[in-house]
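The structure appears below as structure tokens.
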Amino acid sequence: MSRILFKKEGRAKFISHLDLMRTMQRAFIRAKVPIKHTEGFNPHPYMVFALPLPVGTESVCELMDFKLAEDLPLDTVPALLNRALPEGIEVTEAYEETYKFKDIKWLDIEADLFYDSKDTDEGGLLRLLTGDKLVMEKKTKRSTATVDVRPLIAACDVKRADEGVLTLRVRLAVGDPALSPAQLISAIGQNAPFFAPDFARFRRLELYDKDFHVFR
Amino acid sequence: MRDELERILNRVQKPARYTGGEYNETVKDKSDVDLRVAFCFPDTYEIGMSNLGLQILYGAINEEPKMWCERCFAPWGDMEEELRRANIPLYALESGDPIGEFDAIAFSLGYEMAYTSVLNMLDLAGLPVRSADRAGLTPLVFAGGTSCINPEPMADFVDLFVLGEGEELDLEVLRLLRYAKSENWDKRRFLRAAADIKGVYVPSLYEPEYNEDGTLRRVECLDGAPERVTKRIIEDMDSAYFPTKAIVPSTEIVHDRVVLELFRGCVRGCRFCQAGFAYRPVRRHGTGYLLDKAKRALESSGYEEITLSSLSTSDFKGLPELTDGLLEWCEPRKISLSLPSLRADNFSMGLMERVQKVRKSGLTFAPEAGSQRLRDVINKNVTEEALLNSCRIAFEGGWNTLKLYFMLGLPTETDEDVVSIARLAEKVLHTWREHAVNKARGVKITVSTSMFVPKPHTPFQWEAQVGVEEYLRRVHLLKDSINSRSIVYNWHEPHVSLIEAALSRGDRRMGAVIEEVWRQGGRLDSWTDYFGFSRWIAAFDACGLRADFYANRVRGDDEIFPWDVISVGVTKSYLARERAAAYRGEITPDCRVKCMGCGASCLLERRKCDE
């Protein structure tokens with residue numbers, strides 16, 4: 001199986017996951033990088049994404065697996081694809097995979113938190129997120145549960161980027177259980193309404209395995 | 001991207017339609033551009049980006065040095081609300097710049113129900129909706145598209161109309177605008193000069209007068225403007241701009257595939273069909289040319305589907321060679337080919353097999369009327385035998401879903417004609433029983449009816465539309481005549497068709513109605529989520545007009561029509577002859593059998609029709 005590492009930034013961050021699959025499929029055809037199709041009644045190109053990216057979130061660490069249908073040197077693939085991709089999506093590496101996506105356990109994200117009518121101090125938010133507990137009402141598909149999500153935060157740093165803007169860098173658990181960036185914001189709001197931002201902008205920075213080694 | 005806009009995009013549905021940045025979009029260096037054009041489509045991104053005309057004209061204008069054409073679509077309600085609340089003016093997708101600051105705003109008007117969205121988009125751009133209230137030369141607001149062949153309902157809002165095909169005409173207008181801008185002309189001077197370009201209609205140079213009964217008395221041409229404006233055509237199709245590097249949307253649109261236009265015009269002359277008369281004369285692309293362009297368009301887009309586009313695809317000479325050539329290329333690449341607009345009469349086994357090779361899609365036939373008598377009246381020259389024969393071939397080929405389209409309210413229609421639709425559907429069902437290869441899978445035959453809308457520049461332009469009540473009576477008559485559970489009947493809501501009928505044959509006074517509907521919240525009227533019938537009726541009342549005057553009135557033989565100022569080539573006297581033939585139940589042979597002298601050939605200078 002082959003794997004690409006790619007970025008999704010700028011305007012392209014509003015492309016939904018479903019649309020991204022279609023966009024990638026077409027880009028491979030345009031780039032003349034043929035990929036294998038699934039068997040079966042309705043064959044479609046075989047593509048697997050590591051972690052679906054929510055609409056509106058940027059990322060510099062997206063991974064996608066595929067199988068080449070022709071013998072093509074993998075190191076030529078990024079350049080071929082980049083000529084065929086829309087603005088904002090850029091392939092940075094292509095290689096044969098060794099590790100399975102299920103081994104991804106942690107994700108670094110950067111969040112810009114905007115406070116429209118007040119300034120905030122970074123210390124308070126940092127204390128909240130690095131305390132002993134962070135209990136929240138977490139909604140699942142079926143029910144709502146009260147859980148301590150503090151163990152799902154492995155590292156955290158907060159900086160004051162501008163007046164009314166805090167930049168949060170945080171390492172969140174993925175898989176099961178997971179804490180999504182949106183849930184993190186919700187946890188902040190539930191525990192300290194003062195720190196609930198008026199708007200939050202997210203960016204994925206890096207993926208890790210259980211031992212905090214960068215996942216590729 | 002502005003922070004404010006970014007926040008909005010995080011809240012609205014399907015934000016990718018408001019961002020631009022798709023593959024193959026054209027971005028130019030602003031400092032190297034002296035004319036900026038916003039190509040506006042008064043409907044959603046998903047509809048507009050499916051429009052071949054947009055892709056053609058966008059590409060053609062952007063080939064011109066120093067001109068930059070960008071796109072703009074009507075925002076859905078949630079986005080509009082957010083833009084208004086945040087005071088963000090309507091912007092073009094490529095640059096994100098407000099279209100109100102552009103030199104030209106070009107609207108594509110394909111259907112009447114989009115008219116209110118034009119006003120809404122102008123307003124969202126921060127511009128006055130009425131042409132007379134926009135004093136400056138720029139932004140020039142112009143419009144083209146099929147429904148502009150009666151430009152009068154939109155005459156108050158649009159500075160000039162471009163009639164017919166725009167590949168050359170739009171550029172002539174834009175080049176003149178560029179010159180006018182450099183010479184500091186005022187708007188009036190520019191419009192007068194533009195009126196001398198063949199195919200340009202400047203409504204402010206024409207003044208209608210009305211009779212006491214509300215009909216048109218005469219139209220005065222001001223300042224020496226031409227008495228008639230004749231639509232423009234591309235004479236040599238293979239030398240015109242052809243979009244092989246179309247924009248590939250990053251989000252799903254309605255027609256998400258390569259569209260290969262085979263020919264323009266139609267040899268058939270179905271009397272209800274506006275496109276069949278408005279797009280004459282017939283002009284085609286060469287088969288080799290099409291094969292080459294198809295491959296290039298597929299390669300540059302990465303699409304896995306291609307569709308052949310024309311008014312009647314099975315009338316394309318050389319269709320077998322074209323489909324063979326396409327399939328030879330498409331099959332190994334897993335690209336599917338679809339063929340819409342097949343006529344039920346010459347649907348052949350061979351053609352079906354070719355399409356079936358890659359993927360079997362649904363089949364649709366449009367007999368339009370249930371009885372042979374009425375099909376003769378409308379000149380839909382398909383016989384019951386031919387239709388059933390096509391159905392037999394389809395059922396033998398394994399198809400088991402079939403859609404049949406009809407219109408209710410066609411001129412001279414009787415209850416017997418209505419019931420004939422049910423009888424015809426039953427015969428189709430019977431054909432399935434006799435010829436289906438796999439009966440265990442069952443069959444689904446869908447019958448759909450819509451309310452006939454008489455359109456300008458057709459033989460039925462004099463006709464009354466049936467009333468809503470009468471249409472619904474016929475709907476129920478048909479519904480009660482269908483006795484099989486394998487036949488499903490759907491009918492279109494008639495109120496939209498009534499308003500469409502009023503707008504399509506409206507005069508300039510209709511502008512007040514459109515503006516009133518918009519002021520009362522009307523927009524995106526082709527969407528059931530937005531269409532408000534009572535809002536339209538209230539607007540007619542408020543303007544002292546009646547929808548039935550425009551929709552439900554039989555016009556006198558000598559009545560002057562608001563669209564008489566426009567010539568599409570086909571003459572009014574020919575249309576009158578066709579109407580008389582309809583009443584006699586006489587069919588007119590297609591152009592290839594015999595030229596009936598419709599008048600469209602006068603638009604050709606260097607070649608003959610259908611060459």
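Letters A, B, ... are given to chains in the order of the sequence lines, protein chains preceding strands, and every chain is numbered from 1.
With chain B as partner, the option from A/I29, A/D198, A/L20, A/T23 having the largest number of non-hydrogen pairs under 4.5 angstrom is A/I29. The choice from B/R333, B/E22, B/E25 that makes the most heavy-atom pairs within less than 4.5 Å of chain A is B/E25.
Looking at B/D3 and A/R201, a side-chain N of the basic residue comes within less than 4.0 Å of a carboxylate O on the acidic one, giving a salt bridge.
Here the CD atom belonging to B/E6 is positioned 4.5 Å from the CZ atom belonging to A/F199, to the nearest 0.5 angstrom. Distance check, rounded to the nearest 0.5 Å: CZ of A/F14 to CG of B/L9 gives 4.5 Å. Separating the OH atom in B/Y18 from the CZ atom in A/R11 is a distance of 16.0 Å, to the nearest 0.5 Å.
There is no contact between A/S16 and chain B, counting heavy-atom distances below 4.5 Å. Contacts of B/D256 with chain A are made by both backbone and side-chain atoms, with heavy-atom separations under 4.5 Å. Residue contact with chain B, scored on non-hydrogen atoms closer than 4.5 Å, involves the side chain of A/D116 exclusively. In this structure, the portion of A/L85 lying under 4.5 Å from any heavy atom of chain B is its backbone and not its side chain. Both the backbone and the side chain of B/E299 come within contact range of chain A, with heavy atoms under 4.5 Å apart. B/L93 touches chain A through its backbone: at least one of N, CA, C or O sits under 4.5 Å from a heavy atom, while the side chain does not.
Heavy atoms from other residues, nucleotides or ligands lying under 6.0 Å from NZ of B/K439 number more than 12. Residue B/K295 places its NZ atom among more than 12 non-hydrogen atoms of other residues, nucleotides or ligands, all under 6.0 Å distant. A 6.0 Å sphere centred on NZ of B/K28 holds more than 12 heavy atoms belonging to other residues, nucleotides or ligands. In this structure, A/R169 places its CZ atom where only 12 or fewer heavy-atom neighbours from other residues, nucleotides or ligands lie under 6.0 Å away. Within 6.0 Å of the CD atom in A/E96, the count of heavy atoms belonging to other residues, nucleotides or ligands exceeds 12. More than 12 heavy atoms of other residues, nucleotides or ligands shown are found within 6.0 angstrom of NZ on B/K293.
Annotation: cation-pi pair A/R30/B/Y23 present, NZ/CZ under 6.0 Å from the ring centroid and within 45° of its normal.
For residues 47-55 of chain A, the interface with chain B (any heavy-atom pair closer than 4.5 Å) comprises A/V55, sorted by residue number.
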Output a table of donor-acceptor pairs, distance under 3.5 Å, between side-chain atoms of residues 63-70 of chain A and any protein atom two or more places apart or on a different chain; print 'none' if there are none.
unit_1 : atom_1 : unit_2 : atom_2 : d
A/D65  : OD1    : A/R3   : NE     : 2.7
A/D65  : OD2    : A/R3   : NH2    : 3.1

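Counted by atom type alone, A/D19 and B/S250 present zero donor-acceptor pairs between their side chains at under 3.5 Å.
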